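Not measured: the values here are computed from a predicted model.
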Amino acid sequence: FFSRNRSALRILRDLIVPFRPDVIYSNSSTISIGLSLARLCQSAHVWHLREFVDLDYNLRFLFGKVSTKKIISNSDLRISISKAIFDHFSVGNDWRRNIVIFNGVATKNEMLSLRESREVSRASSPRNEFVFGIFGRIYSGKGHEEAVRAFSQVKRMVNAKVRLIVVGRGDLSWLLGLICEERISDFVDIVGHVDNVWKYMLGIDCLLMCSRCEGMGRVTAEAMASGCAVIGFRGGGTPELIADRETGLIYSDRHGELVKCMLNVVRNRALCDEMGRAGWDRAFRNFAVEQYSSSVMNELDLLLEQRGAISS
């Protein structure tokens, strides 16, 4: 591994040095070669931290977590996509820039269009069924089992028609088996991977975010941008996005509290709709692509200005 990494570093150095880059930008928590390359090129280094690495993807830090955090702290600027990621990689007595910038998930015009589409649908279409959705890659860490079991219990406890839509790619065999075991096959739609996520976001009343360790939770932000209420687990970056009982509901235990939250929105659709609208307002203020791009560019400008002052 180390010999291949050194070889890759030399190749990249030879490719990049002639361009004399002002900044080398590492866009993932998992890639460390950017910092080494920046030092060879005498460039500033920005590390955009997007993953916990160990908590979300169950990966091992090659140099150990403590050493990795120290390595990351040597970057000239670190951008974390949530306070949870910020805290996960922070070290004491850190004088370099280390900030949080939420991802942008849609432009403001796109969000306005999504809000209009949802409001038109609410006003014109019969709402005979309450639809929950769980979006994202299908694997155990995303909480699909918890969502399916909770939905099954809700289905048995309410007279209203309810449905669960599962959107995302992954191993479906265990999930289909679970759905059959719970005897809810007629009430669960597995869509698979989709290119147009907004079409399906607009078709649900409430998103379930059951993942324990979302770095930020792009799906949560997308749901809010479409005017959809969210029920989310109190872990990772999710509680930073959802204002509990205002833009959605937060739950803490594995099952019982999630069922209570789901029953709450099914039995009070007006409350669910109101939380969806409040979530849209929050998304418009915090998760617009324009705001995200402007924030990142402002930080890069400040970094280059400071380096210019130091150089001179």
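In this structure, R115 is positioned above the aromatic face of W280, its NZ or CZ under 6.0 Å from the six-membered ring centre and within 45° of the axis. Annotation: cation-pi geometry not satisfied between K161 and F130 (NZ/CZ under 6.0 angstrom from ring centroid, within 45° of ring axis). Figure legend: K260 and Y251 shown without cation-pi pairing, the cationic atom not lying both under 6.0 angstrom from the six-membered ring centre and within 45 degrees of its axis.
Atoms CZ and SG, from F132 and C228 in turn, are 10.0 Å apart once rounded to the nearest 0.5 Å. Between M157 atom CE and S152 atom OG the span is 11.5 Å, to the nearest 0.5 Å. Taking CZ of R13 as the reference point, atom CD1 of I33 lies at 11.5 Å (rounded to 0.5 Å). The line from CD1 of I72 to OG of S29 is 6.5 Å long, rounded to the nearest 0.5 Å. Rounded to the nearest 0.5 Å, atoms CD1 (I190) and CD1 (I134) are 11.0 Å apart. With values rounded to the nearest 0.5 angstrom, N98 atom CG is found 10.0 Å from I79 atom CD1.
Looking at L271 and V265, their side chains never come closer than 4.5 Å, going by heavy atoms from C-beta outward. Using a 4.5 Å heavy-atom threshold, the side chains of V266 and V162 count as touching. In this structure, I184 and V148 have side chains that are in contact, with non-hydrogen atoms separated by less than 4.5 Å. Counting only heavy atoms from C-beta outward, the side chains of I101 and Q291 never approach each other to under 4.5 Å. Side-chain atoms of L241 and M216, non-hydrogen and from C-beta on, do get closer than 4.5 Å to each other. Using a 4.5 Å heavy-atom cutoff, the side chains of L164 and D189 are not in contact. Taking the side chain as every heavy atom from C-beta outward, F284 and L112 approach each other to under 4.5 Å. The shortest distance between side-chain heavy atoms of S7 and I11 falls below 4.5 Å.
Considering all non-hydrogen atoms of both residues, S140 and W174 come closest at N-CZ2, 4.5 Å. Closest of all the heavy-atom pairs between H45 and L35 is NE2-N, 3.3 Å. Taking all atoms of both residues into account, the shortest heavy-atom contact from E51 to I85 is C-CD1, 3.5 Å. Taking each heavy atom of R234 and D244 in turn, the nearest pair found is NH2-OD2, 4.4 Å. Heavy atoms only, all atoms of each residue included: R218 and G104 are closest at NH1-O, 3.4 Å. Annotation for K69 and S90: closest pair CE-O, 3.0 Å, computed over non-hydrogen atoms.
The existence of a salt bridge linking E274 and R245 is excluded, since no basic side-chain nitrogen approaches an acidic carboxylate oxygen closer than 4.0 Å. At a threshold of 4.0 Å, the pair D273-R127 counts as salt-bridged, since one of the basic side-chain nitrogens sits closer than that to a carboxylate oxygen. Of the charged side-chain nitrogens involved, none lies within less than 4.0 Å of a carboxylate oxygen, so that E182 and K155 do not count as a salt-bridged pair. Taking a cutoff of 4.0 Å between a charged side-chain nitrogen and a carboxylate oxygen, D87 and K83 qualify as a salt bridge. A salt bridge links E214 with K142: at least one charged nitrogen is closer than 4.0 Å to a carboxylate oxygen. With respect to D56 and R137, no salt bridge is recorded, no charged nitrogen being found less than 4.0 Å from a carboxylate O. Contact check on D205 versus R269 returns a salt bridge, with a Lys/Arg side-chain nitrogen under 4.0 Å from an Asp/Glu carboxylate oxygen. Here E290 does not pair with K108 in a salt bridge; the nearest charged N to carboxylate O distance is not below 4.0 Å.
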Side chain to side chain contact (heavy atoms under 4.5 Å, CB included) assessment of F86 paired with L49 = CA-CA 8 Å; F86 176 103; L49 302 167; over 6 Å; no
ask   = Do C206 and I231 pass the side chain to side chain contact (heavy atoms under 4.5 Å, CB included) test, and can you show the C-alpha distance, the side-chain angles, and the key distance before you say yes or no?
value = CA-CA 7 Å; C206 182; I231 298 174; 3.6 Å; yes
task = Run the numbers on I165 and V167 for side chain to side chain contact (heavy atoms under 4.5 Å, CB included), then give the verdict.
result = CA-CA 6 Å; I165 294 178; V167 178; 3.7 Å; yes
inquiry  = Quick one, W198 with L114, criterion side chain to side chain contact (heavy atoms under 4.5 Å, CB included). Give me CA distance, side-chain angles, the key distance, then yes/no.
reply    = CA-CA 8 Å; W198 302 118; L114 289 165; 3.6 Å; yes
key: salt bridge (charged side-chain N to carboxylate O under 4.0 Å, His left out) assessment of R149 paired with E181   = CA-CA 10 Å; R149 292 195 186 280; E181 175 190 321; 3.4 Å; yes
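A donor-acceptor contact shorter than 3.5 Å links the side chain of S226 to the backbone of A223. Formation of a donor-acceptor pair under 3.5 Å by the T247 side chain with backbone atoms of A243 is found in this model. For S75 (side chain) and L77 (main-chain N/O), no donor-acceptor pair under 3.5 Å exists by modelled atom type. With R118 contributing its side chain and M201 its backbone, the two residues share a donor-acceptor pair below 3.5 Å. In terms of modelled atom types and a separation under 3.5 Å, the side chain of R163 and the main chain of D186 share a donor-acceptor contact.
For N74 and R39, the side-chain atoms include no donor-acceptor pair closer than 3.5 Å. Checking N109 against T107 by side-chain atom types alone, no donor-acceptor pair falls below 3.5 Å.
Residues F287 and I81 share a hydrophobic cluster, clusters being chains of Ile/Leu/Val/Met/Phe/Trp/Tyr side chains in contact below 4.5 Å. I204 and L258 are members of different hydrophobic clusters when ILVMFWY side chains are connected at heavy-atom separations under 4.5 Å. V46 is not connected to L12 by any chain of hydrophobic side-chain contacts under 4.5 Å among Ile, Leu, Val, Met, Phe, Trp and Tyr, and they are in different clusters. I138 and V197 fall into different hydrophobic clusters, where Ile, Leu, Val, Met, Phe, Trp and Tyr are joined by side-chain heavy atoms under 4.5 Å apart, directly or via other members. A single hydrophobic cluster is not seen to contain both I242 and V259; linkage of ILVMFWY side chains at heavy-atom distances under 4.5 Å, directly or through other members, places them apart.
The number of heavy atoms from other shown groups lying within 6.0 Å of CD (E119) is above 12. In the displayed structure, D301 atom CG is contacted under 6.0 Å by more than 12 heavy atoms of other residues, nucleotides or ligands.
Aromatic ring pairs are classed by plane angle as parallel below 30°, tilted from 30° to 60° and perpendicular above 60°; the pair H48 and Y292 is tilted.
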